[in-house]
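Written out below as structure tokens is the structure these notes cover.
Keep in mind that what you see is a predicted model, and the values were worked out from it rather than measured.
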Amino acid sequence: YKPLDGGNFWLSTTPGVPGSKSWDAALTRICSWVKLQDKATGKIFFVFNTHFDHKGVQARNNSAEMIRHFVDSLAGDNPVMVIGDFNSSPKDLAYHTMVTPGNHKVTFSDSYSPDMPDYTDCGFNVSNTHCGRIDYIFYSQQYTKSHYTLYTDNNGTYYPSDHLTISVELKVRQANSLYK
């Protein structure tokens, strides 16, 4: 892929001020984005990567709304993925903001597949039973999805991270699709 543009914005009331934090956030949080061109096809797409606050409910809700705004203003009609640790369960408002069209141009789907375990955050100990799904790959309507995978590799006692890795195969829709 060829990078065409990119940047960062802070999940705060002043997104252009590095290190800024707002609302009830415990820590400074950021969203990084990149505009890429597929060298083989010439197609352009965007990837946004974020990590929402772990304590502030208002911060998570406002961060989701802010990301939706930036996606609409930066990506236009191009395919988009928004990935990261949202510190939000599928029951939370921040999650619903990401997957509910509302007044936004871009519609997102959650890449999760119900045939996989419904967790990504278990801590390091493999015997932990207090797990939740807070990590996501959201994708825009220009994609079709297949092969969502949750990686549970471990040494029998510990996971290599407190969050399990997820992946999904996305393909841009072909002729007569929403993407040209």
Side-chain angles (χ1 to χ4, degrees), residues 1 3 6 8-9 11 29-38 40-41 43-54 60-61 63-123 128 130-154 159-174 176-180:
Y1 302 103
N8 302 299
F9 55 91
L11 302 176
R29 300 296 183 160
I30 194 169
C31 181
S32 300
W33 64 275
V34 63
K35 178 181 181 180
L36 297 167
Q37 183 175 40
D38 185 319
T41 66
K43 301 292 185 188
I44 293 172
F45 66 99
F46 286 74
V47 179
F48 289 74
N49 182 36
T50 192
H51 187 173
F52 284 8
D53 197 69
H54 64 299
R60 289 191 295 272
N61 296 341
S63 295
E65 191 60 46
M66 177 177 284
I67 286 176
R68 295 300 307 266
H69 168 76
F70 272 89
V71 165
D72 283 351
S73 64
L74 291 168
D77 294 328
N78 294 296
V80 182
M81 289 173 259
V82 181
I83 62 177
D85 176 351
F86 289 78
N87 275 311
S88 303
S89 82
K91 296 176 183 174
D92 294 335
L93 179 58
Y95 174 89
H96 286 281
T97 298
M98 293 304 300
V99 297
T100 303
N103 295 323
H104 301 284
K105 294 188 296 187
V106 178
T107 300
F108 285 110
S109 297
D110 178 352
S111 63
Y112 173 73
S113 292
D115 61 328
M116 296 299 294
D118 191 20
Y119 57 84
T120 60
D121 175 35
C122 282
N128 185 7
H130 301 289
C131 301
R133 188 162 65 96
I134 62 172
D135 304 282
Y136 303 96
I137 301 170
F138 296 112
Y139 61 96
S140 64
Q141 67 270 20
Q142 293 93 337
Y143 290 107
T144 57
K145 171 197 94 155
S146 62
H147 306 295
Y148 174 92
T149 305
L150 172 74
Y151 298 90
T152 58
D153 301 357
N154 63 76
Y159 293 116
S161 172
D162 59 333
H163 291 255
L164 301 177
T165 301
I166 58 173
S167 70
V168 66
E169 183 177 313
L170 299 173
K171 284 187 170 182
V172 176
R173 296 180 194 269
Q174 297 302 313
N176 83 6
S177 71
L178 298 171
Y179 180 58
K180 303 200 182 345

Margin query: If you apply the rule side chain to side chain contact (heavy atoms under 4.5 Å, CB included), what do you find for I67 with F108, and how did you get there?
Written below: CA-CA 12 Å; I67 286 176; F108 285 110; over 6 Å; no
Notebook entry, point to check: Given side chains that start at C-beta, do those of T152 and L164 come closer than 4.5 Å, heavy atoms only?
Noted result: yes
Next item on the list: Kindly compute the distance separating OG (S111) from CD (E169), expressed to the nearest 0.5 Å.
Entry: 12.5 Å
Check: When the aromatic ring centroids of Y136 and Y112 are compared, is their separation below 6.0 Å?
Finding: no
Checklist line | Closest heavy-atom pair and its distance - V34, P3 | finding: CG2-CB, 4.5 Å
Checklist line | Heavy-atom side-chain contact between F45 and V172 under 4.5 Å | finding: no
Check: Thinking salt bridges, do R133 and D118 make one under a 4.0 Å N-O criterion?
Finding: yes
Notebook entry, point to check: Would you say the side-chain atoms of S89 pair up with the backbone N or O of K91, donor to acceptor, closer than 3.5 Å?
Noted result: yes
Notebook entry, point to check: Do you know which two heavy atoms are closest between I166 and Y148, and how far apart they sit?
Noted result: CG2-OH, 3.3 Å
Notebook entry, point to check: If you round to the nearest 0.5 Å, how far is NE2 of H51 from OG of S32?
Noted result: 12.5 Å
Checklist line | D72 to N103 - nearest heavy-atom pair and separation | finding: OD2-O, 4.5 Å
Item checked: Smallest separation among heavy atoms of I30 and N8, with atom names -> CD1-CB, 3.6 Å
Next item on the list: Check the pair F86, Y95 against side chain to side chain contact (heavy atoms under 4.5 Å, CB included), reporting the backbone distance first and the verdict last.
Entry: CA-CA 8 Å; F86 289 78; Y95 174 89; over 6 Å; no
Check: Going from CG on D77 to CD on Q141, what distance comes out if it is rounded to the nearest 0.5 angstrom?
Finding: 8.5 Å
Notebook entry, point to check: Going through the distances and angles, do F48 and L74 end up as a side chain to side chain contact (heavy atoms under 4.5 Å, CB included)?
Noted result: CA-CA 11 Å; F48 289 74; L74 291 168; 4.0 Å; yes
Margin query: Would F70 and F9 count as a ring pair (Phe, Tyr, Trp, His ring centres under 6.0 Å) here? Give the steps.
Written below: CA-CA 9 Å; F70 272 89; F9 55 91; 3.8 Å; yes
Check: Are any of the side-chain heavy atoms of V80 and Y139 separated by less than 4.5 Å?
Finding: no
Next item on the list: Show the numbers, then the answer: is there a side-chain hydrogen bond (donor to acceptor under 3.5 Å, both in side chains) between Y151 and S167?
Entry: CA-CA 8 Å; Y151 298 90; S167 70; 2.9 Å; yes
Check: So, the side chain of H96 versus the backbone of P90: is there a donor-acceptor pair under 3.5 Å, distance only?
Finding: yes
Next item on the list: Could you walk me through whether R29 and D53 pass salt bridge (Lys or Arg N to Asp or Glu O under 4.0 Å), step by step?
Entry: CA-CA 6 Å; R29 300 296 183 160; D53 197 69; 3.6 Å; yes
Notebook entry, point to check: Between OG1 of T41 and OH of Y1, what distance do you get to the nearest 0.5 Å?
Noted result: 8.5 Å
Notebook entry, point to check: Should we count NZ of K171 as having more than 12 external heavy atoms under 6.0 Å?
Noted result: no
Item checked: Side chain to side chain, E65 and H104, heavy atoms closer than 4.5 Å -> yes
Note to self: Is it true that H54 and N87 share a donor-acceptor pair across their side chains at a distance under 3.5 Å?
What the structure shows: no
Item checked: Atom pair OG/CG of S109 and L170 - distance to nearest 0.5 Å -> 10.0 Å
Check: What are the two closest heavy atoms between R60 and A94, and how far apart are they?
Finding: O-CB, 3.6 Å
Note to self: Could you report the tightest heavy-atom contact between G76 and V106, atom names first, then the distance?
What the structure shows: O-CG2, 4.2 Å
Item checked: Spacing of CD1 belonging to I134 relative to OG1 belonging to T120, to within rounding of 0.5 Å -> 5.5 Å
Check: Is the backbone of D115 close enough, under 3.5 Å, to the side chain of S113 for a donor and an acceptor to pair up by distance?
Finding: no
